[in-house]
Each structure stands twice: as structure tokens, then as C-alpha cells.
Chemist: 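Please find one structure pasted underneath; my questions will follow.
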2 protein chains.
Amino acid sequence: MYLLANFDEADSTRATLMRSGLELLAEKGYKGATTREIAARAGVSEVTLFRQFGSKEALLQEAVQKLHPPVEQVLPQSTRNLEADLLRLTKHYVQMLEANQGLLVRLLPELARHPELRGAAGPAGFNRAISSVLEYLTDLQKAGLLRSDESPFQAAVALLGPLFARALLFGAMGIHPPFDLQAHVRGFLEGRQRGQR
Amino acid sequence: MYLLANFDEADSTRATLMRSGLELLAEKGYKGATTREIAARAGVSEVTLFRQFGSKEALLQEAVQKLHPPVEQVLPQSTRNLEADLLRLTKHYVQMLEANQGLLVRLLPELARHPELRGAAGPAGFNRAISSVLEYLTDLQKAGLLRSDESPFQAAVALLGPLFARALLFGAMGIHPPFDLQAHVRGFLEGRQRGQR
DNA sequence: CATGGATGTAAGTATGTACTTACTTGCAAA
DNA sequence: TTTGCAAGTAAGTACATACTTACATCCATG
């Protein structure tokens, strides 16, 4: 299974607790994730949880802040084969979204009330993903491969936004209408690409 | 203020309670919205809440099911001026999203666990919006104004998805980078439009 | 062997929450 | 005026939750 969170300390008590905490956060939300259940799922006693983290809030806060999305690993160096590049990138992004849909959808409302969670991994990788894509698109514009009358930010939203919406919304609705990723990338490139037509 | 929910019974005790319930649901989530606070905000006693609805769950369920998004009101009859049509439609959609961002983002995770909320107003208007847009786009395809090698569904996601993502994500992050709606619509039409080039 | 640190068990505290019961008050229609 | 309905007040119940305290156990390191 492909997970967003992989802590350095692989299977220490703390890491196990944080993983369980994130799982339950994804399933039942902040209030729904009880210390009892987190400890039980981690296979430790509830006292251990409090000895290690002091409070439920501290546990979840640390866990969320240690999320690190592996998006940049697949960010293509502008190979100038735009369609292939973007297809690989978006595929990876969709995988990430689907694997973490529950966590994302639970984190979103908490971010509004707990701004301290926004840093680092922030919105579960989206900002990092988007800023990587931003760089990539800016590079392309500079290289003259993409038209530059559109802000890279707007282009990134046009590329990733539909994938984000599809994953969250249809994930929540429990439906999965077909979506042609390749066609999406082509549609994105159409009109934006230069020197290739 | 532009609200998603407008109940028929304008200011009965029940309607006031449901409105307060939705407000608190948006602010604090299902568990965070306590019957005490809902009643207080509605200006009635807590007992009244239970006499009227029997349970917190019944209150919120009824309230959510009575949400009705006024999207179709602005759905354009294919006037053949695509850019103007879509601009009006997307503007309206963005307004709706911004006004209801809190509710939406709280409703999304509940929908996964409480499928009974999916019906009717469901995902706070998105499915209704998308199905209206679907009809509109299908019409355009039939009229030969839009290329038809792409499914209308996919086109609808490409059009509305970025707006959805932008509203939810950046709303949650508390940032508001500029976004040119007109450019977005143009980008959408580019390559999709026919007979106009 | 002895010490220390991380864990477990058992019990308890304080608080909050959904929901109930019993009795009272105001008000509008018969 | 009387009846009845919707609302309020006050108190309480049952349960869950975050968190604590006290004491026992394991186990690796010195």
C-alpha cells in the first residue's frame, strides 16, 4: 500500500502510535479518533500514549507535521516530451490522492481552525505538489515550450485541480466514473503547447 | 449573504434550529456541533431541540437533506455564446463554493460514512451543478459547437474541478492567490470549441 | 547481580455530551 | 374562561473521553 506518511523511526512505539493516530484521524476525524482506540490499534496501552506524547493533540500534531509527500521524487526534469512527463506526474499525483483521500478530507477542515498544521506537509502534499509543478511549468515557459501569457499558478490549478476534485468528491460520494487521464493531459496541453504544432 | 440553504418555513423554531445546526456543523464538524450550542445559537432551550427532532442526528440529517442549491437558476440555455455562458455559470459556481466552503469541507468526510446524506442535495450542490453542466455540454456537442471525442463528464470536471479545488484547498489554507476566471474559461474552450476558429 | 527506563495493569478523576423527566409559563383558539 | 399546545426551567441519568496516579513487570546495560 502506498502511504503518504513514512516516518524515519520505522517501528518505534512513537511511530506506531502516530501511524494509528493518522489512520483513525482519516477514518473518524479529530474528535472521533479517541486515545483509547489509537492505543489499541497501535497495540500498546493508553498510558503509554500519554507518557510518550503528553496529550492527544500533541500526538496528532506531530504526526501530521511529519507527513512528507514523495511528490518531488517523480517530478520530471523538463525532458521536453511534455505529454509523457505530465502523464507520469499526474498519474503519480492521482495515486497519492487516492491513497490518502480519507486523510486529506479530514485534514482540510482542521487546517481552517488549526493554522499551525499548515506548515511543512500542510495540506497533505498538495502545496508541495503544486509548487513543484509550478517550477516545472515555469521552466517550460522559459524554454518557450509553453505559452507564457498564462500564470504558471493558473496552469497548475488547471492541470491538478480536476484530479483533486475528482478524488475528493467522488471518493466521498462512493462513485467512480471513468476518467481518461491521458485525454486530460492532452486537453491541458492543447492550446498551451508551442512549437509543436 | 448568499446561502445554500433556504428552508421553506422561514423562521419557525425548527428552521432556526436547522440553520444553527448547519452553521455549527460547518464550523466544528458533526461531533463538534453540540446540541447545547445549537440550541443556544438558535435562541431556544435544549429541550426544545429534542422535543422537535428527537435526536441530534435527526436534526442534522433533516437539515442537510433540505439543502437545495440554486445552481440551475443560472444554467444558460445554449445561447451559442459559449464564453459568456460559461463565464456566468462558473462565476455563479465560485460564489456558491465560497459561501459554503466550510459546510462543504465538513460534509465531505461525513458523506463517506453516512451514505444516506448523499441523496438530494448530496455533496452540497456539486453533483447537481455537475449534472446541469453535463446537460449543457451535451447539448453543445449535439449542436456541433463542442468537439465530441471527449466525454461531457470529463469536460465538466475539467471546467469545474479547478474551481472546486481552488475554493476548498486555498480556503482551508487561508490563502487566496489570484485566479483569472475568464482565462480559465478561455483555456477550457481552446481546442474544445468548434466552428469558431 | 543490580539499576534504570520503558512498558503494562488497575483504578480513579473531572468534564462534557446526548438525552430524559417533571413541573411551570405564555398564548391562541374553542 | 377554559383547553391545549409549544416553549421554558431545573435537575438528573448514563456514558464516553482525556488524562492521572500508583504499583508491578520486563529487559538490556553497567
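Every heavy atom of this structure was used, including side-chain atoms; hydrogens, water molecules and symmetry mates were not. Numbered from 1 within each chain, the chains take letters A, B, ... in sequence-line order.
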Chemist: So, is the end of the B:Lys56 side chain (NZ or CZ) under 6.0 Å from the ring centre of B:Tyr30 and within 45° of the ring's axis?
Modeler: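 Output yes; distance and angle both within limits.
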
Chemist: Among residues at least two apart in sequence or on other chains, which ones pass side-chain contact (heavy atoms from CB on, under 4.5 Å) with A:Glu98?
Modeler: A:Val94, A:Arg166

Chemist: Side chains of B:Gln141 and B:Glu150 only: does a donor on one sit below 3.5 Å from an acceptor on the other?
Modeler: no

Chemist: So how far off straight is the helix from C:dC1-D:dG30 to C:dA30-D:dT1, going by the axes through five pairs at either end, to 10°?
Modeler: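 The angle separating the two end axes equals 0°.
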
Chemist: So, using salt bridge (Lys or Arg N to Asp or Glu O under 4.0 Å) as the criterion, who are the partners of A:Arg41 when residues are at least two apart?
Modeler: A:Glu23, A:Glu27

Chemist: Once you round it to whole Å, what is the distance between P of C:dT17 and OH of B:Tyr30?
Modeler: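 Taking atom P of C:dT17 as the reference, OH of B:Tyr30 is at 14 Å.
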
Chemist: Taking only side-chain nitrogens and oxygens of B:Thr48, does any of them come within less than 4.0 Å of OP1 or OP2 of D:dA6?
Modeler: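 False: B:Thr48 side-chain N/O out of range (4.0 Å or more) of D:dA6 OP1/OP2.
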
Chemist: Check every strand shown and say whether B:Ser45 touches a base, only sugar-phosphate, or nothing at a heavy-atom separation below 4.0 Å.
Modeler: base

Chemist: Please report the distance, rounded to the nearest Å, between NZ in B:Lys31 and P in D:dT17.
Modeler: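 Taking NZ of B:Lys31 and P of D:dT17, I get 7 Å after rounding.
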
Chemist: Determine the contact category for A:Ala33: base if any of its heavy atoms lies under 4.0 Å from a base atom, sugar-phosphate if only primed atoms, P, OP1 or OP2 are that close, otherwise nothing.
Modeler: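 Sugar-phosphate contact only - A:Ala33 comes under 4.0 Å of backbone atoms but never of a base.
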
Chemist: Within this structure, what is the CG-to-C1' distance between B:Leu49 and C:dT17, rounded to whole angstrom?
Modeler: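 Roughly 13 Å, once rounded to whole Å.
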
Chemist: Once you round it to whole Å, what is the distance between C1' of C:dT7 and CZ of A:Phe53?
Modeler: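 These atoms are roughly 15 Å apart.
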
Chemist: What's the spacing between B:Arg186 CZ and B:Leu86 CG if we round to 0.5 Å?
Modeler: 12.5 Å

Chemist: Considering every strand and a 4.0 Å limit on heavy-atom distances, what is the contact class for A:Gly43: base, sugar-phosphate, or nothing?
Modeler: sugar-phosphate

Chemist: Considering residues at least two apart in sequence or located in another chain, which fulfil the ring-ring contact (aromatic ring centres under 6.0 Å, His included) criterion with B:Phe153?
Modeler: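 B:Phe153 satisfies ring-ring contact (aromatic ring centres under 6.0 Å, His included) with A:Phe170 once adjacent residues are dropped.
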
Chemist: Establish, with yes or no, whether the OP1 or OP2 oxygen of C:dG16 is under 4.0 angstrom from a side-chain nitrogen or oxygen of B:Thr34.
Modeler: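 No, B:Thr34 has no side-chain N/O under 4.0 Å of OP1/OP2 on C:dG16.
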
Chemist: Distances for protein N/O vs nucleotides 19-23 of chain D N/O pairs under 3.5 angstrom?
Modeler:
| unit_1 | atom_1 | unit_2 | atom_2 | d |
| --- | --- | --- | --- | --- |
| D:dC19 | OP2 | A:Lys56 | N | 2.7 |

Chemist: Report the residues that fulfil side-chain contact (heavy atoms from CB on, under 4.5 Å) with B:Phe50, sequence neighbours left out, ordered by chain and then residue number.
Modeler: B:Thr35, B:Glu46

Chemist: Expressed as a whole number of angstroms, how long is the span from A:Gln52:CD to C:dA6:P?
Modeler: 8 Å

Chemist: Side chains of B:Glu110 and B:Arg106: closer than 4.5 Å at any heavy-atom pair?
Modeler: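 The answer is no; the side chains never approach within 4.5 Å.
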
Chemist: Is the backbone of B:Leu159 close enough, under 3.5 Å, to the side chain of B:His184 for a donor and an acceptor to pair up by distance?
Modeler: yes

Chemist: Separation of A:Arg14 atom CZ from C:dG5 atom P, in whole Å?
Modeler: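 Distance check: A:Arg14 CZ to C:dG5 P gives 17 Å.
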
